[in-house]
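Just follow the structure's listing: the first ligand is 1, and inside any ligand the first atom is 1.
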Amino acid sequence: MFRSLHMKLVMILVLLITSLMAVVGAFLMTSVTNFYIDEFYTQMNEAFSDASFYAALQTEAAQEDGAQRLQALLEIYAGLLGIDSRSRNYYILDADTGAFLAGSDEETGPMLEQTANILAARNGAVGSQSDLSAAFMDVAVPVSGGDNHFIVYIRDNRSQVAELNNELLLIIMQALLVGLLVSVLLSFLLAKTMIDPIEKLTEGAERIAGGDFDEVLEVDSTDEIGILTTTFNDMASVLHDTLDAVENERSKLDALFLHMTDGVVAYDGGGKLMHCNPAAVALLDRAPEDCVYAELFEPICPFSRVMSMRRGDYVESELSVGERSVELYFATFSDEEAGGVLIVLHDVTERRRTEERRKEFVANVSHELRTPLTNIRSYAETIRDANGDIPRETENAFLDIVINEADRMTHIVQDLLTLSRLDSGRTEMVMARFAFGDAIDAVLRSIALEARRHGHELTCAYPDRLPTILGDRGRIEQVMLNILSNAVKYTPDGGHIRVSAGASGETVWMEVADDGIGIPKKDRRRIFERFYRVDKARSRESGGTGLGLSIAMEIVQRHNGTLSIVDRNGPGTTVRLELPVRQGQEAGA
Ligand code: ADP
């Protein structure tokens with residue numbers, strides 16, 4: 001009940017009413033007293049100015065028993081003078097001594113003090129000075145008749161005015177009491193109409209501060225409080241929408257941070273880790289709590305240097321983590337004191353590898369072309385310098401080498417062109433459905449002679465009816481031929497080459513196993529790279545370019561298949577080709 005604002009309201013009303021009553025009371029009481037005093041002196045003045053009354057007084061005074069005569073007269077004129085013997089009395093005094101002779105108040109008469117007015121009358125003047133500070137009002141009029149000199153002294157002890165004032169005070173006190181009661185009631189009414197809505201507003205504000213936007217405040221009136229409540233509801237709704245939008249943006253950012261492939265690490269102004277997304281954890285290969293700036297980045301770009309940068313500026317650098325190359329971008333994320341450092345990590349491992357491969361490829365191409373060119377040039381020079389001075393057979397042998405080397409170069413250039421076309425997607429695959437077994441048969445027939453030439457035993461084991469597949473038959477046969485001719489090439493004469501094939505689920509497969517020189521484990525992964533050869537001399541000897549398997553891999557990948565070296569113990573190599581029976585949309589259908 002005595003809530004602070006309510007209490008204040010009650011206090012204000014009580015103070016207001018009390019002070020109002022005090023002022024009104026004081027004013028009323030002073031007015032009443034003044035009126036009474038004025039009334040007294042006016043009445044006295046009027047009475048004693050009355051010539052007949054004064055003459056009668058003088059006549060009576062002239063008598064021998066003047067005092068008694070005067071008393072009798074004054075008794076008659078008591079009404080004119082307002083004498084009631086209670087609050088107002090008359091006294092007849094001796095003008096010389098001021099002693100009491102007779103009067104309406106025999107009791108206190110003899111004990112009358114000599115007031116200023118009595119003293120004035122003893123000196124022969126009318127004493128009608130009003131003394132506000134005195135507890136009485138008096139008038140002393142000298143009356144002489146013959147040799148007798150008296151003073152008619154009228155004295156009012158103000159008991160009437162005191163009584164009146166007491167009554168007034170009582171009324172004021174009662175009014176005050178009623179006023180206080182009214183003020184308490186009024187305060188409740190005011191509390192209901194003013195404080196309650198304010199309290200509701202306060203509760204609403206507290207709820208909003210706590211993040212609860214569900215409840216809308218009721219608007220009970222159209223006054224200022226009603227307008228305030230409406231405005232408050234509007235404000236809460238706008239705030240809710242804004243917070244929703246901010247939250248939305250934040251969750252979008254969170255999702256972005258979480259799923260982006262680039263790493264993001266943020267440090268506050270003190271160098272403490274604030275944020276580290278999963279990509280950054282993976283790129284740096286350490287737990288977020290171990291991503292300490294001083295350890296990881298200080299040697300690359302000092303913290304103080306980044307902090308001193310302007311917004312929009314950034315520093316670019318690179319960091320190697322294990323086999324990975326990570327590009328780093330350092331920037332500040334705020335100019336304010338509360339700012340910090342933001343580092344974006346971009347994985348450039350693949351780019352670097354591609355660059356490396358490209359450089360290697362160019363070097364390889366140059367090298368591969370230079371070797372036959374050097375040979376052609378040297379043999380051609382030898383023939384020219386000999387000036388026909390060499391045996392015919394030798395010359396022919398030299399010319400054969402020149403032709404062979406030219407063929408080799410043509411081979412390389414053709415292979416490179418094929419690869420380049422495959423890379424750029426310019427090679428159209430002529431897709432058609434054909435029997436996988438028929439393709440194997442055809443390739444086996446074309447390699448049979450070569451195998452026999454090397455004394456290899458070529459065996460094959462696969463079911464009669466293999467599924468048909470959708471693909472470019474010519475290209476698939478090119479892949480098969482490459483695998484088989486590699487087996488023939490890299491198996492010492494008189495070896496065994498076994499071709500097997502089959503179908504499992506939605507795929508068909510073919511394996512070519514030989515008992516040749518084999519491929520060391522470390523090289524297996526790399527033999528599909530361009531120009532990669534385990535034994536360069538041997539490959540070159542057998543007319544290899546080191547591009548065959550790369551081309552084969554490209555073709556197989558264009559058919560959504562796989563080409564791999566089977567991890568198998570023992571001598572020799574087993575190459576496995578796997579192709580899907582259906583392609584793309586066909587598989588979906
Ligand atoms: P190349 O024209 O040199 O044969 P490929 O791309 O066809 O080029 O083969 C790449 C390398 O893989 C070869 O140089 C060879 O060292 C190795 N290789 C491929 N097949 C076999 C195999 N059946 N046995 C041993 N080594 C092989």
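Using a cutoff of 4.0 Å between basic side-chain nitrogens and carboxylate oxygens, E295 and R286 are scored as salt-bridged.
Between Y490 and ligand 1, at least one N/O pair is under 3.5 Å apart. For ligand 1, the polar-atom distance check against N486 finds a nitrogen or oxygen pair separated by under 3.5 Å. Inclusion of V534 in the set of residues having an N or O under 3.5 Å from an N or O of ligand 1 is warranted.
For ligand 1 and Y532, the ligand atoms under 4.0 Å from any heavy atom of the residue are 10 (C), 11 (C). Interface atoms of ligand 1 facing A487, defined by a heavy-atom separation under 4.0 Å, are 23 (N). The atoms of ligand 1 that sit less than 4.0 Å from any heavy atom of G546 are 1 (P), 2 (O), 3 (O), 6 (O), 8 (O). Residue-ligand proximity, D514 to ligand 1, at heavy-atom distances under 4.0 Å covers atoms 22 (C), 23 (N). Atoms of ligand 1 found under 4.0 Å from any heavy atom of R533 (numbered from 1 in listed order, with element): 3 (O), 14 (O). Near N482, the atoms of ligand 1 lying under 4.0 angstrom from a non-hydrogen atom of the residue are 7 (O). Close approach to K489 involves these atoms of ligand 1, each under 4.0 Å from a residue heavy atom: 1 (P), 2 (O), 4 (O).
Nearest to atom 12 (O) of ligand 1 among the protein's heavy atoms is I527 CG2, 3.5 Å. Counting only heavy atoms of the protein, atom 26 (N) of ligand 1 lies nearest to I519 CG1, 3.3 Å. In terms of protein heavy-atom proximity, atom 3 (O) of ligand 1 is closest to S539 OG, 2.6 Å.
At a cut-off of 3.5 Å, with distance as the only test, a side-chain donor of T574 or R568 sits close to an acceptor on the other residue. Side-chain polar atoms of R498 and T459 form no donor-acceptor pair below 3.5 angstrom. Looking only at atom types and distance, the side chain of Y379 has no donor-acceptor partner in the side chain of E381 under 3.5 Å away.
The 12-atom threshold is exceeded at OH of Y490, counting heavy atoms of other residues, nucleotides or ligands nearer than 6.0 Å.
Ranked by closest heavy atom to atom 2 (O) of ligand 1, the top entry among D535, T545, T574, I497 is T545. Nearest residue to atom 5 (P) of ligand 1 from D515, L549, T491 is L549 (criterion: closest heavy atom).
Here D523 has no heavy atoms under 4.0 Å from ligand 1, in either its backbone or its side chain.
A heavy-atom distance below 4.5 Å is not found between the side chains of H496 and D514. Between W509 and L577, every side-chain heavy-atom pair lies at or beyond the 4.5 Å cut-off.
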Without placing hydrogens or testing angles, list every side-chain donor-acceptor pair under 3.5 Å for residues 362-370, not counting sequence neighbours.
from: N364; atom 1: ND2; to: E360; atom 2: O; distance (Å): 3.3
from: S366; atom 1: OG; to: V362; atom 2: O; distance (Å): 2.5
from: E368; atom 1: OE1; to: R533; atom 2: NH2; distance (Å): 3.2
from: E368; atom 1: OE2; to: R533; atom 2: NH2; distance (Å): 2.3

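In this structure, the salt bridge (charged side-chain N to carboxylate O under 4.0 Å, His left out) partners of E350, at least two apart in sequence or on a different chain, are R353, R357.
The structure places CD1 of I376 at 6.0 Å from CD of E405, a figure rounded to the nearest 0.5 Å.
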